[in-house]
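Step one of this worksheet: look at the structure below.
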Amino acid sequence: MYFSCRPFLYLTIPAFLLGCNTINPKISSEMLDKTNEQQSYLHDYKNKGLSSATGIQHRAGIELGLIPSPVTNAVLLPPQMLGEKAILWRSNYQFDLAGILAKLSDQTGIQHNLIVGPDRKLVSGGVLPLEVGQENGGLDTQTQKLLESHGLNTKIRPDFHGSLPKVLDHICSNFDLAWIYQDGMIHLQQFNLKNYYLDLLPTTTTSTSTIGSTTTNLELDLLSEIQVSLGQLLRKDELLIYETGTGVLIVNARPSTHRQVRKYIKQINADLGQQIAIDVIVLTLSLEETQGLATALSIAGGQSQGNSFEFMETGSLSGATTLANVGLLSGDFSVDSFLSLLDNRGEVVVETRTGATTSNNRMIPIQVVREIAFAKTVESVSEENGVNLSRITPGQLSTGFEMTLLPRVLNNLEILLHYNIRISDLNELKEFTSNDQTIQLPNVATTEFEQQTILGNGETLVLAGFERERLTSNQRKGGLFSRQAVTESHKVSTIILIQPRLLKRKTS
């Protein structure tokens with residue numbers, strides 16, 4: 001047995017070794033592929049560009065776009081109705097709409113219904129099919145009157161060839177209808193109910209400005225204006241509803257009206273969707289007695305090399321010590337550089353630096369004020385027990401910077417800016433005493449004006465020429481151990497810089 005099995009072992013061992021040789025190349029190939037794949041990943045990772053540690057990170061990948069929802073459901077029609085030879089009907093006679101739909105129902109085997117009016121009345125499906133050469137045979141009088149009352153009593157000569165959707169589109173374009181395939185039937189509808197969205201909040205903004213004997217009232221009710229404009233596009237039997245809570249504009253109208261409404265809404269949203277950022281800086285420049293603000297601005301404009309600062313003098317005011325000045329900062333000339341140039345002419349103090357973002361034709365109120373309480377009135381009150389008490393009525397005073405801005409983007413992307421500005425300073429709070437009763441009398445300096453200017457995108461408007469005397473109270477050392485209040489007067493000028501910028505361009 002031992003010697004008989006030995007040849008068998010000699011045969012099985014080479015076979016086993018041969019089997020191992022046939023498996024190893026496959027395993028080695030898979031391991032080599034895995035190794036190459038890992039090395040490729042490592043190579044891509046090493047060559048990966050640096051990304052910021054803050055903000056929103058975006059990694060390119062497969063983008064899924066919006067899938068358009070079919071309006072007519074034409075893809076659900078039977079395949080034989082989608083071919084170019086599905087419908088062929090030429091006639092020398094004219095047919096009205098009911099007769100055409102009856103013939104199409106007979107040819108295609110698909111029921112064609114007509115829904116008319118805003119209340120969606122169904123035209124009777126019992127109209128008899130028309131034979132070729134027969135003009136309006138079998139059309140009942142009730143259907144004729146219904147079509148006539150809805151303006152659908154016109155006739156056309158059939159010249160239809162092509163797919164059923166193509167024929168239906170041709171019919172709808174002649175009769176101002178829309179069609180849809182639903183529940184195994186084709187419905188031609190005279191009225192469609194569609195929703196539109198306005199990029200607008202239902203708010204009303206009112207601004208009143210009184211300067212001397214002049215009062216200006218601004219009231220913006222864009223939603224009402226849009227509704228009135230849309231009402232001019234609708235016919236008497238068409239309906240327009242605006243849902244304030246959801247911001248949805250519901251229109252029940254004919255297809256031709258929907259095309260006009262859609263075009264109008266698109267244009268309105270493009271105008272209202274224009275975002276505008278406005279930066280406002282209010283400066284106070286202390287001037288020497290011998291120089292005015294016009295001189296300081298002229299020198300600053302000259303040092304800016306003339307290509308980025310345009311200085312315009314609007315004329316001398318009779319009896320005034322300075323000019324009414326308007327300037328424009330444009331190009332790459334920064335506001336900080338302009339401040340440094342003004343600082344060379346006097347002490348510059350930034351009173352207010354603020355900004356706001358708004359949409360086109362939307363007012364921006366900006367207020368940076370300081371509330372000051374003072375003793376307005378004092379009166380003596382006798383109690384029941386005969387004791388006299390003093391009752392003080394407080395007053396509230398607001399000083400600082402108040403502004404209302406109204407930007408309007410023009411067709412050439414310039415900005416018509418309407419602004420109303422009020423600047424007030426509390427110079428002093430005097431005390432007045434009479435009969436042992438003391439009240440406080442505020443001394444307030446106020447500058448208020450209202451103007452309009454057309455600016456280019458990114459230009460900075462420089463408003464100046466508002467010079468006044470500012471009173472300041474300082475404690476100075478009097479005698480050896482005493483201090484006394486000293487009120488000083490010095491000339492200051494207010495400079496206002498307004499820079500509007502478009503954040504999003506209009507799209508066609």
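Starting from 1, each residue takes its place in the sequence as its number. On a predicted model such as this, the values are computed, not experimentally measured, just so you know.
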Return all side-chain donor-acceptor pairs below 3.5 angstrom for residues 187-194, not counting sequence neighbours, or 'none' if the list is empty.
unit_1 : atom_1 : unit_2 : atom_2 : d
Gln190 : OE1    : Gly117 : N      : 2.9
Gln190 : NE2    : His150 : O      : 2.9

Any donor-acceptor N/O pair, Asn73 side chain to Leu76 backbone, under 3.5 Å: no

CG on Leu97 to CD1 on Ile171, rounded to 0.5 Å: 7.5 Å

Distance-only polar pair, side chains of Glu450 and Thr216, donor-acceptor under 3.5 Å: yes

Residues which pass ring-ring contact (aromatic ring centres under 6.0 Å, His included) with Tyr181, listed by chain and number, not counting sequence neighbours: none

Minimum side-chain heavy-atom gap Val462-Ile496 below 4.5 Å: no

Evaluation steps, side-chain hydrogen bond (donor to acceptor under 3.5 Å, both in side chains), between Thr404 and Asn420: CA-CA 5 Å; Thr404 301; Asn420 176 17; 5.1 Å; no

Check: Leu168 and Ile186 side chains under 4.5 Å, non-hydrogen atoms: yes

Asp279/Arg353 ion pair, N-O < 4.0 Å: no

Atom of Gly247, atom of Tyr242 and distance for their closest heavy-atom approach: CA-OH, 3.5 Å

Nearest-0.5 Å distance that lies between atom OH in Tyr264 and atom OH in Tyr196: 13.5 Å

Candidate pair Met185 and His112, rule side-chain contact (heavy atoms from CB on, under 4.5 Å), full reasoning: CA-CA 6 Å; Met185 295 180 290; His112 288 60; over 6 Å; no

Leu222 to Asn361 - nearest heavy-atom pair and separation: CD1-O, 3.6 Å

Shortest non-hydrogen contact from Asp176 toward Ser256: OD2-OG, 2.6 Å

Any donor-acceptor N or O pair under 3.5 Å, side chains Gln275, Ser359: yes

Separation between CG of Leu198 and CG of Leu272, rounded to the nearest 0.5 Å: 7.5 Å

Exercise: identify the closest heavy-atom pair between Trp179 and Ala74: CH2-CB, 3.8 Å

Side chains of Thr460 and Leu455 in contact at under 4.5 Å (non-hydrogen atoms): no

Heavy-atom pair of closest approach, residues Leu122 and Asn113: CD1-CB, 3.6 Å

Residue list, salt bridge (Lys or Arg N to Asp or Glu O under 4.0 Å) with Glu402, at least two apart or on another chain: Arg422

Side-chain donor or acceptor of Ser163 paired with backbone N/O of Glu84 under 3.5 Å: no

Steps toward side-chain contact (heavy atoms from CB on, under 4.5 Å) verdict (Arg408, Asn360): CA-CA 6 Å; Arg408 174 167 295 176; Asn360 189 21; 4.3 Å; yes

Between Thr208 and Asn217, a side-chain donor and acceptor under 3.5 Å: yes

Any side-chain donor near an acceptor of the partner, Asn269 and Gln267, under 3.5 Å: no

Which residues share a ring-ring contact (aromatic ring centres under 6.0 Å, His included) with His161, sequence neighbours left out: none

Candidate pair Asn457 and Glu459, rule side-chain hydrogen bond (donor to acceptor under 3.5 Å, both in side chains), full reasoning: CA-CA 6 Å; Asn457 183 23; Glu459 289 185 340; over 6 Å; no

All salt bridge (Lys or Arg N to Asp or Glu O under 4.0 Å) counterparts of Arg362, not counting sequence neighbours: none

Asn174 side-chain N/O to His170 backbone N/O, donor-acceptor pair under 3.5 Å: yes

Side chains of Ile372 and Pro442 in contact at under 4.5 Å (non-hydrogen atoms): no

Side-chain donor or acceptor of His418 paired with backbone N/O of Pro407 under 3.5 Å: no

Close side-chain approach of Ile100 and Ile156, heavy atoms under 4.5 Å: yes

Nearest-0.5 Å distance that lies between atom CD1 in Ile250 and atom CG in Asn195: 5.0 Å

Thr246-Tyr197 side chain donor-acceptor pair, cut-off 3.5 Å: no

Audit row: Val280, Leu405, side-chain contact (heavy atoms from CB on, under 4.5 Å) steps and yes/no: CA-CA 10 Å; Val280 179; Leu405 298 170; 4.2 Å; yes

SB check Arg90 Asp159 (cutoff 4.0 Å): yes

Separation of Glu219 CD from Thr205 OG1 (nearest 0.5 Å): 9.0 Å

Side-chain touch Leu230/Val251, heavy atoms, less than 4.5 angstrom: no

Side-chain donor or acceptor of Asn252 paired with backbone N/O of Leu239 under 3.5 Å: no

Close side-chain approach of Gln499 to Ile278, heavy-atom, < 4.5 Å: no

Run the side-chain donor-acceptor check on residues 231-238: report pairs under 3.5 Å with partners two or more places apart or on a different chain.
unit_1 : atom_1 : unit_2 : atom_2 : d
Asp237 : OD1    : Arg254 : NH1    : 3.1
Asp237 : OD2    : Arg254 : NH2    : 2.8
Glu238 : OE1    : Arg235 : N      : 2.8
Glu238 : OE1    : Thr257 : OG1    : 3.1
Glu238 : OE2    : Arg254 : N      : 3.1
Glu238 : OE2    : Arg254 : NH1    : 3.3
Glu238 : OE2    : Thr257 : OG1    : 2.9

Atom pair CG/CG of Leu201 and Leu223 - distance to nearest 0.5 Å: 10.0 Å

Audit row: Val409, Ile276, side-chain contact (heavy atoms from CB on, under 4.5 Å) steps and yes/no: CA-CA 9 Å; Val409 181; Ile276 306 170; 3.6 Å; yes

Considering all heavy atoms, the nearest Ser91-Arg157 contact: O-CG, 2.8 Å

Close side-chain approach of Leu177 to Leu114, heavy-atom, < 4.5 Å: yes

Any donor-acceptor pair under 3.5 Å from Ser424 side chain to Gly400 backbone: yes

